[in-house]
Amino acid sequence: MLPSSPANPQLPAETLTVMGAGLVGCLLALYLARHGHSVEVFERRPDIRGEAKVEARSINLALSDRGWRALEGVGIAEEVREVAIAMRGRMMHGVDGQLTFQKYGQDGQAIYSVSRAGLNRRMLDLVEQQPGIRVQFEQHCQRVDLRRSQLEMRDETTGQTRTQPYQRLFGSDGAYSAVRGAMQRTDRFNYSQQYLDYGYKELSIAAGPDGSWPIEKHALHIWPRGQYMMIALPNLDGSFNCTLFFPYEGANSFAALQTPAQVRTFFAEHFADALPLMPDLETEFFANPTSSLVTVRCFPWSYNDDVLLLGDASHAIVPFYGQGMNSGFEDCAVLAELLEEHGSDWTNIMRRFEAMRKPNTDAMADLAVYNFYEMRDRVADPRFLLQKKIEGKLAAQYPAQWQPLYSQVTFSQLPYAEALANGQAQEQVMQRLMPHIQSEADYERPEVQALVAAEMARRS
């Protein structure tokens, strides 16, 4: 059983409905239960802890400080650490096989690789240990009647449909949310979705002998190749989940690779050091789906005081900053803080929640797209790598005035919008400094130090 928390005395207990038993839905249910509510959770898929395969493998997730803080808020961080692997930096794989390690943040800082399915299984176990939460699987929400506060649900095991009333409904049912779909048909609801011209395909690097890791365990591996890239994150069993981010069309694209021989030839040319570690490459390439990369923005996130969107349902982003899960978890923590502050005033809670979170999740969406182009195009550029080293020196010399953008996003609780604004201002500083720096040693030159001191004085 999870640690208990006395319900807010101003907050009368209700039966709350959560749509979606994914990562955000599970964490949300735990927070709501800790505030004294009964929680009904409906999930369209079968229970992923069963023997039947429910879904294809998905991108491993990178759990960082915001996510850990949200997990700590319901006392489950230590249970999650059991299924996480620390990644202390990026390991860049050149076309010639040369390796370059780029450390994340300061010494001791890391992001953590977790399997989406593995983490979801662990969180479902924790949810079911919590009194007051009931999860029902294979429940397909076919319609949300916002005016009557009713759901039309279909039980996929029996084929029967029923009308299910709700007191308050939380949509944490992903980028293609049924709850948001109903809200999109209301007056003055703003919605957009934008797709990259790239898709992604899941592949794998096999574990070494006796479950050993064939490449560095504590790193996020990247094969940057200009117009495309592959990444790999470690699993507990010694294997790595790989993701190929690739154009849909063009000379080097999913459309161009139509036979096993073409796939093997392409990997031999562009990912030569990975190829010997991928014994099931051709099988996986054609068996695993090609998935799209979408950014979803919408507003408002609430309807009256009885429906609220969280996570990907309100702000789906592409995965290139590793913040999709973390921002969804942060949604849950922020909502819990508002529950503590405002008691049963759901109207105020929901309005404040969406006003606080919307600017930050919009900023994170922009950062995620930006980081795609940085990871794909710039991480192998010597000038970019030099700039990163100089930024590290600035952070060491002026820790109160300079923190790299990645660290602000990943290793702090600073609102995303503030991190983005700070990052843009710092990039302008670097554009003024870098023409005077041709090597790492140039940073110590008196004239460069004078420029640095002037920039820092301007930022004070």
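Because the structure is predicted, anything quoted here is derived from the model rather than measured.
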Are any side-chain N or O atoms of [X] and backbone N or O atoms of [Y], one a donor and one an acceptor, separated by less than 3.5 Å?
X      : Y      : answer
Asn326 : Ala62  : yes
Lys201 : Cys242 : no
Gln109 : Gln106 : yes
Tyr31  : Ala70  : yes
Glu284 : Ser204 : yes
Ser113 : Pro234 : yes
His342 : Thr347 : no
Thr410 : Ser407 : no
Arg459 : Gln401 : yes
Arg116 : Gly22  : no

[X] side chain to [Y] side chain, donor-acceptor N/O pair below 3.5 angstrom:
X      : Y      : result
Gln408 : Asn422 : yes
Arg351 : Ser302 : yes
Tyr200 : Glu202 : no
Ser412 : Gln403 : no
Glu391 : Gln387 : yes
Ser64  : Gln323 : yes
Arg180 : Gln184 : yes

Test item: [X] and [Y] side chains (from C-beta on) under 4.5 Å apart, heavy atoms:
X      : Y      : answer
Tyr191 : Val296 : yes
Pro300 : Phe189 : yes
Gln227 : Asn252 : no
Val74  : Leu126 : no
Val179 : Cys141 : no
Met153 : Thr161 : no
Phe320 : Leu293 : yes
Leu28  : Leu335 : yes

A quick test of your reading: do over 12 heavy atoms of other residues, nucleotides or ligands sit less than 6.0 Å from [atom1] of [X]?
X      : atom1 : value
Asp197 : CG    : no
Gln167 : CD    : yes
Gln160 : CD    : no
Lys389 : NZ    : no
Arg44  : CZ    : no

Salt-bridge criterion met for [X] and [Y] (N-O under 4.0 Å):
X      : Y      : answer
Asp331 : Arg357 : yes
Glu337 : Arg69  : yes
Glu156 : Arg154 : yes
Arg297 : Asp366 : yes
Arg49  : Asp47  : yes

Inter-residue atom distance [X].[atom1] - [Y].[atom2], 0.5 Å rounding:
X      : Y      : atom1 : atom2 : result
Gln150 : Gln164 : CD    : CD    : 10.0 Å
Met87  : Asn60  : CE    : CG    : 8.0 Å
Leu71  : Leu119 : CG    : CG    : 7.5 Å
Leu433 : Ile390 : CG    : CD1   : 9.0 Å
Gln139 : Glu40  : CD    : CD    : 10.0 Å
Asp125 : Gln130 : CG    : CD    : 13.5 Å

Nearest heavy-atom neighbours spanning Leu309 and Phe353: O-CE2, 3.8 Å
Phe285 and Phe266 aromatic centres sub-6.0 Å: no
Aromatic ring proximity Tyr198/Phe245, centre distance under 6.0 Å: no
Residues forming a salt bridge (Lys or Arg N to Asp or Glu O under 4.0 Å) with Arg168, sequence neighbours excluded: Glu14, Asp305
Candidate list Phe246, Phe286, Tyr228, test ring pair (Phe, Tyr, Trp, His ring centres under 6.0 Å), partner Phe254, passing option: Phe246
Residue pair His270, Trp223: steps toward the ring-ring contact (aromatic ring centres under 6.0 Å, His included) verdict: CA-CA 9 Å; His270 299 284; Trp223 289 259; over 10 Å; no
Sole candidate of Glu128, Glu78, Glu82, Glu79 that passes salt bridge (Lys or Arg N to Asp or Glu O under 4.0 Å) when paired with Arg122: Glu82
Arg66 charged N/C atom sitting above Tyr416 aromatic ring, 6.0 Å / 45°: yes
